[in-house]
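Single-structure report; data block below.
None of these values were measured; they are calculated from a predicted model.
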Amino acid sequence: MFEAILQRFVEASGVTVIVRGMLERAFNAEQLDALFEEYSCLQYTRELLFSDVVIMMMLVACGIRKSPSAAHKAMQEKLGVSRPAFYQKLQGIELPVIRALLRFSSDQMAPVIGQLGGGVSPLLEGYRVKIIDGNVLGATEHRIECLQDEASAPLPGKSMVVLDPQYHLAIEIVPCEDAYTQERALLNEILPTVNPNDVWIADRNTAVCRLTQYNNNNDKTNCAHPLG
């Protein structure tokens with residue numbers, strides 16, 4: 001009976017079934033919760049699982065729900081936790097967990113994209129191109145009340161993100177709570193990810209020369225080259 005029901009969905013909207021199966025495989029709840037246990041230092045699991053938080057934020061990111069609050073409202077009966085408890089969990093997710101989650105998701109999705117033919121030809125044959133840049137999160141009206149009328153209110157955060165242009169995937173992130181830090185100060189967290197035959201594309205704020213120096217000191221070739 002289940003096969004008959006599933007077949008109806010396959011015939012009516014095969015892409016929907018494929019996408020759901022792909023996401024369920026890539027964002028397996030057990031793997032996400034195991035990742036949280038490995039990288040979390042202060043937070044712990046009581047009632048709300050980390051995988052539930054990820055699923056709710058996916059609903060927001062995909063435009064199915066307008067906000068985290070709307071996602072929680074839609075899933076409240078299933079989750080069994082209050083909205084304050086949900087926001088406390090969401091706001092308390094630690095930076096190493098965020099970084100690990102992005103690496104995990106990109107590792108899961110890259111083979112799928114490749115298998116489906118969604119990637120593009122390498123920009124440089126024989127090399128892996130990586131684009132790195134800093135990003136300051138956009139200003140938001142959800143700031144503490146005393147700063148909402150200030151044009152120069154504190155920024156919410158900054159990150160260094162590495163993009164793989166072949167698969168259009170963010171493969172690494174260094175999140176930072178201090179939005180006023182320089183991108184060069186975050187580069188130390190990126191250096192251990194430099195591999196042989198990498199070609200890094202970055203602007204002057206990233207201090208490409210430091211990538212080259214790291215390359216030379218670690219006997220790695222073709223990692224970076226300062227231009228201009």
Side-chain angles (χ1 to χ4, degrees), residues 16 19-109 133-163 169-181 183 185-186 189:
T16 303
V19 171
R20 174 167 180 171
M22 179 184 67
L23 291 177
E24 287 182 346
R25 179 186 180 278
F27 296 94
N28 179 273
E30 293 183 0
Q31 291 178 298
L32 291 175
D33 292 329
L35 180 146
F36 175 79
E37 295 297 333
E38 179 179 356
Y39 288 94
S40 179
C41 298
L42 301 176
Q43 273 195 327
Y44 56 89
T45 300
R46 180 175 295 175
E47 297 180 7
L48 182 61
L49 298 174
F50 176 67
S51 56
D52 291 330
V53 176
V54 173
I55 291 173
M56 283 192 284
M57 296 309 298
M58 286 177 60
L59 295 176
V60 178
C62 294
I64 299 174
R65 300 296 175 185
K66 294 183 178 180
S67 65
S69 178
H72 172 266
K73 184 177 181 180
M75 299 181 62
Q76 186 172 8
E77 293 185 4
K78 178 182 177 180
L79 298 175
V81 297
S82 65
R83 188 170 68 171
F86 162 64
Y87 271 100
Q88 184 177 11
K89 182 83 170 185
L90 179 63
Q91 294 172 356
I93 294 176
E94 298 162 71
L95 301 187
V97 176
I98 296 174
R99 189 175 183 183
L101 176 61
L102 183 136
R103 289 198 300 260
F104 171 79
S105 62
S106 63
D107 289 343
Q108 296 294 311
M109 297 307 298
D133 197 8
N135 176 53
V136 176
L137 300 179
T140 171
E141 61 182 8
H142 300 295
R143 296 175 290 185
I144 58 177
E145 185 175 356
C146 63
L147 295 176
Q148 289 182 4
D149 296 329
E150 296 292 332
S152 58
L155 298 173
K158 192 169 189 175
S159 63
M160 287 283 285
V161 181
V162 179
L163 175 72
L169 278 176
I171 58 175
E172 183 63 71
I173 184 173
V174 179
C176 179
E177 295 174 332
D178 180 7
Y180 295 94
T181 189
E183 295 178 11
L186 302 178
E189 301 292 331

Quick one: [atom1] on [X] to [atom2] on [Y], what's the gap to the nearest 0.5 Å?
X      : Y      : atom1 : atom2 : result
Arg103 : Ile171 : CZ    : CD1   : 11.0 Å
Leu95  : Cys176 : CG    : SG    : 7.5 Å
Asn28  : Leu35  : CG    : CG    : 11.5 Å
Leu101 : Leu32  : CG    : CG    : 6.5 Å
Asp52  : Leu79  : CG    : CG    : 5.0 Å

ask   = With sequence neighbours excluded, what pairs up with Glu183 under the salt bridge (Lys or Arg N to Asp or Glu O under 4.0 Å) test?
value =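 Checked Glu183 against salt bridge (Lys or Arg N to Asp or Glu O under 4.0 Å); zero matches.
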
Any side-chain heavy-atom pair from [X] and [Y] closer than 4.5 angstrom?
X      : Y      : answer
Phe50  : Val97  : yes
Phe36  : Glu38  : no
Val162 : Ile173 : no
Lys158 : Asn135 : no
Met75  : Leu59  : yes
Ile93  : Gln43  : yes

request  = Scan residues 57-73 for pairs that pass side-chain hydrogen bond (donor to acceptor under 3.5 Å, both in side chains), counting only residues two or more places apart or in two chains.
outcome  =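 For residues 57-73, and leaving out neighbouring residues, the side-chain hydrogen bond (donor to acceptor under 3.5 Å, both in side chains) pairs sorted by first residue read Ser69-Arg83.
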
query = Can you list every side-chain hydrogen bond (donor to acceptor under 3.5 Å, both in side chains) pair that touches residues 90-100, not counting sequence neighbours?
reply =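 Output for this query lists Ser40-Glu94, Arg99-Glu172, Arg99-Glu189.
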
query = Who passes side-chain hydrogen bond (donor to acceptor under 3.5 Å, both in side chains) against Ser106, sequence neighbours left out?
reply =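 Partners of Ser106 under the side-chain hydrogen bond (donor to acceptor under 3.5 Å, both in side chains) test: none.
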
Contacts of type side-chain hydrogen bond (donor to acceptor under 3.5 Å, both in side chains), residue Thr45, not counting sequence neighbours =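 Testing Thr45 for side-chain hydrogen bond (donor to acceptor under 3.5 Å, both in side chains), a comparison that skips the adjacent residues, returns Glu37.
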
query = Within a radius of less than 6.0 Å around CD of Gln31, do more than 12 heavy atoms belonging to other residues, nucleotides or ligands occur?
reply =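 Yes - once you tally the heavy atoms of other residues, nucleotides and ligands closer than 6.0 Å, there are more than 12.
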
Minimum heavy-atom separation for [X] and [Y], please, with both atom names.
X      : Y      : answer
Leu90  : Pro68  : CD2-CB, 4.3 Å
Ala71  : Val60  : CB-CG2, 4.1 Å
Ser159 : Pro175 : CB-CA, 4.1 Å

query = Does the pair Met56 and Phe86 meet the rule for a side chain to side chain contact (heavy atoms under 4.5 Å, CB included), with working shown?
reply = CA-CA 10 Å; Met56 283 192 284; Phe86 162 64; 3.1 Å; yes

request  = Give the ring-plane orientation class for Phe27 versus Phe104, where under 30° counts as parallel, over 60° as perpendicular and anything between as tilted.
outcome  =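 Phe27 vs Phe104 ring planes: perpendicular.
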
task = Identify, with sequence neighbours excluded, every residue that meets side chain to side chain contact (heavy atoms under 4.5 Å, CB included) alongside Ala61.
result =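 Partners of Ala61 by the side chain to side chain contact (heavy atoms under 4.5 Å, CB included) criterion come out as none, since no residue qualifies.
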
ask   = Given Tyr87 and Lys89, is the side chain to side chain contact (heavy atoms under 4.5 Å, CB included) satisfied, shown in steps?
value = CA-CA 5 Å; Tyr87 271 100; Lys89 182 83 170 185; over 6 Å; no

